Each structure stands twice: as structure tokens, then as C-alpha cells.
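Values in this document were obtained by computation on a predicted structure and should not be read as measured data.
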Amino acid sequence: MLWATMPQPASETAVVLAGGVAKGAFEAGALDVLAEAGVDISQVVGASSGALNAALLASGIRAGRVRDATQRLMELWRDDASWMQVFHFSLHDIVTRTGVSDSREILALLRREVPRIATAAVNPVRLRIVVAALRGVAGAIGDTQATTFEGVCSFADGDFDDEARREALYVAATASAAFPLLFHPVDVPPLGLCYDGGAVNNTPIQLAAADGLARVIVISPYPAVLGPPPSLEGIELLSRLIDILIQERVYRDLKMADAANATVARLAALTRAGTLDATQLDVVMQTLSLRPLSIIPIRPDRELSGNAFAGFLHRSLRDEYIRAGQAAARSRLANVLQQPPA
């Protein structure tokens, strides 16, 4: 799929929430600024820790309580995201299973917090959560069957309106945040055992772009430029591998969007020169699968302090991440969101 940036009359926005382990607190700060500014969000896509943020945000959109949801997200990241409140350690599980913790604490948090926000059925909303399906998902390349490991769990409207239907959302978000080796995989019907969605698509821009909205806001706690790691041993090596998984996919997706924008600009120049008329331009755009879309990244201007896990140990770091998210979103609001998509 190709993306292009062109004028659009529509105002609806999709938000992509990337994974970042403890740095997911950055997204809570950014979302609160968007909510305060009244950005019209109708679709949310999340992976890894971004899926947890996405579940609460989408519930707030559905209930017409977006600001309540984002305010609560910031409180949860500050006060309830320590090691002891996120992980449930069991010596038996460590010895006999596939991680050091189950996901009961995260699942309990979602079961407790989402109903407090999802108190009404006011607005339409779509939510997609990415998981890594261990047994694979049937796909195709052209006419040839192929296996993908990217599972997508989709929710809309009525799925947020009662506790029985919300349970599938809780399970999907918990699975998407199940970081390999730290957590056990989570059983997500009908996909089976699933791990962290960030392992297969940490910043799922294409999923957000699929429904033809005018703009996609991509929130990631990682800057566009990463410096060299302090070392390539132990936790720093693991953190760097996470950086690679996160950065490379979003780099390629945004690179694709940039190339599409350049193609549209060349086509527009040909139209202005009289080489193509409006009908021919439309045919070319459809043939190349180009369509109007504005992609707006909200990212810190420099690397956030600590590695991907350090925030679980220090509340001050999580608070720093939230403030960084607020600052980055305010900067983008000043530069972009006050203007129509263009």
C-alpha cells in the first residue's frame, strides 16, 4: 500500500500507539494533549504497551469521555506501573514455563479500569490490536498461501458496551503487551497462544491507513534518530534489540509514505503542465493505489532517559516520559494540527 499527503475535507483521525515497554507512558502524555485540543479520533490501533493505552483510549472515545480516559492513563502510568504492580512472579512458573510472570496483574487492571471509563454508548469507534500469533495466521502472497504471524484483533462500537463483550478486548490487549520471556504467552481465541504484538508490527501504520481517514497520528516514544547504545551487553543489549525491532519497521513505513508523497507531487506537476488531465490523474492514482492521507508522527526530539525497562523501577522516569509526551504533542499541535490535513 502507498500513502500520499493531499488536501482532505474530512477531519476524522486515526491514532497509532506503538510499543515501548515502560516508555509507553510517553503516549499517555501525548494523548492527553490531543484530547484537550479536541482532536476527533475515531480509530485507534495499538501494539505492545500501546495496546494497553489503546484499550482505555478507545473506551473513552466510545463513552464520550476521552479526556477522562487520558487523565486516568497518566495516573496509571505514574502510580501503577512499577515492577511489583505489573509482574506476578512465581518460582514454579519460572522453572516450568515460558516466562517469569503471568499477565494476571495487567488483565486485572484492564478489567478494573475500562468499565470505569466505558459508561455509555455515545460515539462510534474502531480499535485494532496487534498480537504475535505463535501458531501463525493463514495469509497469501498473490495466489500463493503463506503464513504470517501478525494477528489482528478488531473491535468496534458495541464491543465496548458490556462486560461480557469487553472480555475479548482485555485478553487481546494483555496478549499484545506480553513481552517474550518476561511474560507467558496469552491464549487469544481463535488465534491461540500469542505474544507481544510489537514483535511483528510495533507501529502498525498500514492498519490505521486502511479505512480512508484523512489523517493518521503516529505516537512513538522513540525519536527519529537514535544514538549508539552505551554498551552491547546485558540489559543494554536487550534494549537495543527492542530498539531495532521498533525502529526499522516504522522507518520503512514512513519512508514508503515519503516516496508516495514524492510520486503525487510529480503527478500534480504533470497535471499543472497539461500532460495529464484530471481523469487521467485519477486513473493513475487508482492504479498506483495512491490516496490522500496525512501521517503525523509525535515522537520525542531526543532519546528518553533509561532503557526500555528502567521506568518500571523509577516513578520519576515515568513522570518524565509523560511530560515528554505532552511536550512533543504540543509541538505538533502548534505546527500541524491547527491546520486542515494537507
Pairwise distance CG(Leu313) to CG(Asn307) - rounded to 0.5 angstrom = 8.5 Å
Tell me yes or no: between the side chains of Asp40 and Thr13, is some donor less than 3.5 Å from an acceptor?
-> no
Side-chain heavy atoms of Leu57 within contact of Val66, under 4.5 Å = yes
Determine whether Pro185 and Cys194 make a side-chain contact, defined as any pair of heavy atoms from C-beta on separated by less than 4.5 Å.
-> no
Check the pair Arg78 / Glu75 against salt bridge (Lys or Arg N to Asp or Glu O under 4.0 Å), numbers first and verdict last.
-> CA-CA 5 Å; Arg78 286 192 184 106; Glu75 292 173 359; over 6 Å; no
Linking I/L/V/M/F/W/Y whenever any side-chain heavy atoms sit under 4.5 Å apart, do Ile296 and Tyr251 land together?
-> no
Determine, step by step, whether Arg67 and Asp32 satisfy the salt bridge (Lys or Arg N to Asp or Glu O under 4.0 Å) criterion, reporting the C-alpha distance in whole Å, the side-chain angles of both residues, the deciding distance to 0.1 Å, and the verdict.
-> CA-CA 6 Å; Arg67 191 73 194 284; Asp32 192 57; 2.8 Å; yes
Gap between atom CZ of Arg330 and atom CG of Leu34 - 0.5 Å precision | 10.5 Å
Say whether, by atom type as modelled, one donor and one acceptor occur between the side chain of Thr275 and the main chain of Thr271 under 3.5 angstrom.
-> no
CA sep, side-chain torsions, deciding dist, call: Arg315, Asp79, salt bridge (Lys or Arg N to Asp or Glu O under 4.0 Å) | CA-CA 7 Å; Arg315 186 185 188 276; Asp79 302 331; 2.8 Å; yes
Lys23 side chain to Gly306 main-chain N or O, any donor-acceptor pair under 3.5 Å?
-> yes
Value for CZ (Arg318) from CG (Leu76), rounded to nearest 0.5 Å, stands at 11.0 Å
Does the side-chain contact (heavy atoms from CB on, under 4.5 Å) test come out yes or no for Arg135 and Leu193, once each step is laid out?
-> CA-CA 7 Å; Arg135 72 184 187 191; Leu193 292 177; over 6 Å; no
Please tell me if the side chains of Gln43 and Arg128 come closer than 4.5 Å, counting only heavy atoms from C-beta onward.
-> yes
Between the main-chain N or O of Ala164 and the side-chain N or O of Glu167, is there a donor-acceptor pair closer than 3.5 Å?
-> no
Verify the distance criterion only: is there a donor paired with an acceptor across the side chains of Glu163 and Tyr170 at less than 3.5 Å?
-> yes
For Leu232, does the CG atom have more than 12 heavy-atom neighbours from other residues, nucleotides or ligands under 6.0 Å away?
-> yes
Which residue, Ile129, Leu31, Ile217, forms the side-chain contact (heavy atoms from CB on, under 4.5 Å) with Leu17?
-> Leu31
Considering all heavy atoms, the nearest Phe183-Asp102 contact = CD2-O, 3.3 Å
In this structure, are over 12 heavy atoms from other groups packed under 6.0 Å from Arg165 atom CZ?
-> yes
Do you know which two heavy atoms are closest between Gly136 and Thr147, and how far apart they sit?
-> CA-CG2, 3.9 Å
Might you point out which heavy atoms bring Val225 and Glu303 nearest each other, and give the distance in Å?
-> O-CG, 4.4 Å
Tightest non-hydrogen contact, residues Ala55 and Leu169, listed as CB-CD2, 3.5 Å
Taking side chain as C-beta onward, heavy atoms only, is Ile298 less than 4.5 Å from Val218?
-> no
Lys/Arg N to Asp/Glu carboxylate O, Arg62 vs Asp161, below 4.0 Å | yes
Report yes if some heavy atom in the side chain of His184 is under 4.5 Å from a heavy atom in the side chain of Ser103; otherwise report no.
-> no
Under 3.5 Å side-chain donor-acceptor pair for Arg65 and Thr119 = yes
Test item: Arg166 side-chain N/O and Phe160 main-chain N/O as donor-acceptor pair under 3.5 Å | yes
Assess whether side-chain contact (heavy atoms from CB on, under 4.5 Å) is satisfied between Ser294 and Val216, documenting all intermediate values.
-> CA-CA 6 Å; Ser294 176; Val216 175; over 6 Å; no
Between Leu270 and Leu281, is there a shared hydrophobic cluster once you connect ILVMFWY residues whose side-chain heavy atoms come closer than 4.5 Å?
-> yes
Counting distance only, does the side-chain N/O of Ser176 pair as donor-acceptor with the main-chain N or O of Val130 below 3.5 Å?
-> yes
Do Pro180 and Asp196 touch side chain to side chain, with heavy atoms closer than 4.5 Å?
-> yes
Nearest-0.5 Å distance that lies between atom CG in Asn202 and atom OG in Ser220 | 7.0 Å
Any sub-3.5 Å donor-acceptor pair from Tyr321's side-chain atoms to Ser305's backbone N or O?
-> yes
CZ-CD distance between Arg72 and Glu113, expressed to the nearest 0.5 angstrom | 4.0 Å
side-chain contact (heavy atoms from CB on, under 4.5 Å) between Leu207 and Val152, intermediate numbers included = CA-CA 9 Å; Leu207 286 177; Val152 179; 3.9 Å; yes
Rounded to the nearest 0.5 Å, how far apart are OG1 of Thr174 and CZ of Arg111?
-> 8.0 Å
Sidechain-backbone polar pair: Glu27 side chain, Ala18 backbone, donor-acceptor under 3.5 Å | yes
Within the distance-only criterion (no hydrogens, no angle test), does the side chain of Asp157 pair as donor or acceptor with the backbone N or O of Val125 below 3.5 angstrom?
-> yes
For Val186 and Ala178 the tightest heavy-atom approach is CG2-CB, 4.3 Å
What is the minimum heavy-atom distance between Glu150 and Thr148, and which atoms define it?
-> N-OG1, 3.2 Å
Compute the centroid of each ring, for Phe149 and then for Tyr195, and state whether the two points are separated by less than 6.0 Å.
-> no
Between Asn53 and Trp77: side-chain donor-acceptor atoms closer than 3.5 Å = yes
Side chain to side chain, Phe26 and Pro300, heavy atoms closer than 4.5 Å | yes
Can you find a heavy atom in the side chain of Ile61 that is under 4.5 Å from one in the side chain of Val44?
-> yes
Would a distance-only check, ignoring hydrogens and angles, find a side-chain to backbone donor-acceptor pair under 3.5 Å from Ser48 to Gly197?
-> no
